[in-house]
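Labels below follow one simple rule: chain letters A, B, ... track the order of the sequence lines, proteins then strands, and each chain is numbered from 1. These numbers come from a predicted model, not from an experiment. Note: hydrogens, waters and symmetry copies are ignored here, and every other heavy atom, side chains too, is used.
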Amino acid sequence: MLPLSYLREQPEKIKEGLAKRNFQEPELVDQLLEVDQKKRKLQSQLDQTLSKSNQFAKEIGTLYKSGQVEKANALKSQTNDLKTTGKTLQERLKNIEVALLSIRTQIPNVPDESVPLGNSENENEEVFSAGTIPDLGEDALPHWDLAVKYDLIDFDLGSKITGAGFPVYIGKGAKLQRALIQYFLDKNTAAGYKEFQVPYLVNEDSGFGTGQLPDKEGQMYHISEDGLYLIPTAEVPLTNLFRNQLLEAKDLPICLTSYTPCFRREAGSYGSNVRGLNRLHQFDKVEIVRLEEPQNSRAALDKMIDHIKGILEELELPYRILKLCGGDLGFTAALTFDFEVYSTAQKRWLEISSVSTFNSFQSERLQLRYKDENGKKQTIHTLNGSSLALPRVVAGLLENQQTQNGINIPKALIPYTGFETIK
RNA sequence: AGAGAGGUGGCCGAGUGGUCGAAGGCGCACGCCUGGAAAGUGUGUAUUCCGUUAUCGCGGAAUCGAGGGUUCGAAUCCCUUCCUCUCUGCCA
């Protein structure tokens, strides 16, 4: 959520920014300011009341000690009034705080100035492309056919034991998964990201901290018996490691990486776009997360982009980078770059990474701050990106590298797979 | 899963109803001492919110795992919940 000070000081600028993402309820900003005003008034009333009763309590204490019981009792009855007003004020304050938070959580992040206008993914701006799209001829197979041909992935078995969207990887298919995970982690740690292994289930506070709750409640698997959620991305546990923390400037930047499976209900997805590996309920991903001082976050985003570029070039995949337009930007993000790999056999681009800066939107929810060199408390900027998500990388590799004699593994990956081709 | 013990500031640890946001120690910061350092010594050293202020600051409220209750007053008593440790059980 947006910092209160920002909301108080620059409501018009915020509304202007939100317009870029076609936010339908700019009046929420005014509502929030109104409620905030009320809340502050109420709080000073309550503080005054409590202050008085604290004072009385102290006096009563000293009176008892010096044996002036009657005086003490007289004061006691006086405090009863304060007590009741205090209670009602407290109740009202609590309600208004709930209201305030509820409004605040409904306001999305303000897009970065550089975010282009646009309503949908069609208006995302291509900012970079690299690699050559191979000419595979007419009989090129999509990855779901290749998966069967080479016995790499069995979608039906997954359906049998779990349901659609839970593939079973077999033989070289399984090995390729393991190889990619290890390769990605090695690349990330070599670039200075510290590796973590984190739980795949998180509690409600963590879901709120990174912004999945309440906005995307229906997209996460929920274990109601224990109040836990299956993570939709490692971003959630990784970023929440720092929930409720006050860091020092010298601790920053913090760079993390983690491999986790990701679980998504993908309610409402259907059609040919979800075929094969294109959209799954469970998939593997290696994530990178950074915590940065605000003045460095933009440069950090560029570093992340360069890092991912390097990986894609080693994997010899044709890709492009899109800057998301306002309308396609996620709720919590201020600026997002999507990486897409071209799937030659499917003749379409597949998103394989999404790199975002959230500015202080997440750290505000997380109550994550740091003390700068002058000892002043500042909010931290959080960033994250996939480096990388496996299924569509696999789709891209299988489809683009297919030949008459099998599928070629890119050089960089061979030390990890232990084989050069899939035949 | 059952029985017991416990959760206090960056860390250790005292505090079982009143002036306790919290003794003492360690650590850290600054100063003194020293040729320099160590030792010694002095001072300072939590967070959030509200108000005030150009700033330093000042005033108020809240916070002793979390939430609720009893009381004029709660770190201290009661309830709920989470977590940690020990023993027993189960298990990769």
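Taking the centre and axis of the six-membered ring of A/Tyr259, the NZ or CZ atom of A/Lys285 falls outside the cone set by 45° and 6.0 Å.
Look at CD on A/Gln55: it is 13 Å from C1' on B/A61, rounded to the nearest Å. A/Gln43 places its CD atom 5 Å from the C1' atom of B/C50, with the value rounded to the nearest Å. Rounded to whole Å, atom P of B/C49 lies 18 Å from atom CD of A/Gln90. Following rounding to the nearest Å, A/Lys377 (NZ) and B/U48 (P) show an atom-to-atom distance of 4 Å. We find that CZ of A/Arg104 is positioned 10 Å from P of B/C49, with the value rounded to whole Å. Between the OH atom of A/Tyr370 and the C1' atom of B/G10 there is a distance of 20 Å, given to the nearest Å.
Each of B/C49, B/G51, B/G18 was ranked by its minimum atom distance to the side chain of A/Arg369; first place goes to B/C49. Closest to the side chain of A/Ser51, out of B/C50, B/A61, B/C49, is B/A61. The A/Leu246 side chain lies nearest to B/U47 when the options are B/U47, B/C72, B/G60. Closest contact between the side chain of A/Asn54 and the listed nucleotides B/G73, B/C50, B/A62 involves B/A62.
Using a 4.0 Å heavy-atom distance criterion, A/Ile60 is classed as a base contact. If you check every strand for non-hydrogen atoms under 4.0 Å, A/Lys94 touches sugar and phosphate atoms only. Within 4.0 Å of A/Lys87, counting heavy atoms only, lie sugar-phosphate atoms of the nucleic acid but no base atom. The residue A/Lys52 sits apart from the nucleic acid: no heavy atom pair falls under 4.0 Å.
In this structure, A/Phe339 and A/Val355 have side chains that are in contact, with non-hydrogen atoms separated by less than 4.5 Å. In this structure, A/Tyr193 and A/Leu185 have side chains that are not in contact, with every pair of non-hydrogen atoms separated by 4.5 Å or more.
B/A14 sits 10 Å from B/A22 when the C1' atoms are compared, rounded to a whole Å. Of the C1' atoms belonging to B/C12 and B/U71, the separation is 33 Å, rounded to the nearest Å. Comparing the P positions of B/C56 and B/A66 gives a spacing of 30 Å, expressed to the nearest Å. Spacing between B/A1 and B/G9 at atom P, rounded to whole Å, works out to 28 Å. To the nearest whole angstrom, the two C1' atoms, one in B/U81 and one in B/G13, are 27 Å apart.
A 3.5 Å limit on both hydrogen-bonding distances identifies B/C83 as the Watson-Crick or G-U partner of B/G6. Base pairing analysis places B/A14 opposite nothing; no Watson-Crick or G-U wobble pair with both distances below 3.5 Å involves it. Using the Watson-Crick or G-U wobble rule with both distances under 3.5 Å, B/U41 pairs with B/G31. Judged by Watson-Crick or G-U wobble contacts below 3.5 Å, the nucleotide B/A54 has no partner. Base pairing of B/G73: no nucleotide in any strand meets the Watson-Crick or G-U wobble criterion (both distances under 3.5 Å). Across all strands shown, the partner of B/A46 is B/U63, judged by Watson-Crick or G-U wobble contacts whose two distances both fall under 3.5 Å.
For A/Lys58 and B/G73, the shortest distance from a side-chain N or O to OP1 or OP2 is not below 4.0 Å.
Atom CG in A/Leu46 sits 11.5 Å away from atom NZ in A/Lys94 (nearest 0.5 Å).
Counting heavy-atom neighbours within 6.0 Å of A/Glu91 CD, excluding the residue itself, gives a total of 12 or less.
Aromatic pair A/Phe361/A/His381: ring centres not closer than 6.0 Å.
Taking only distance into account, the side chain of A/Lys65 meets the base of B/U19 through a donor-acceptor pair shorter than 3.5 Å.
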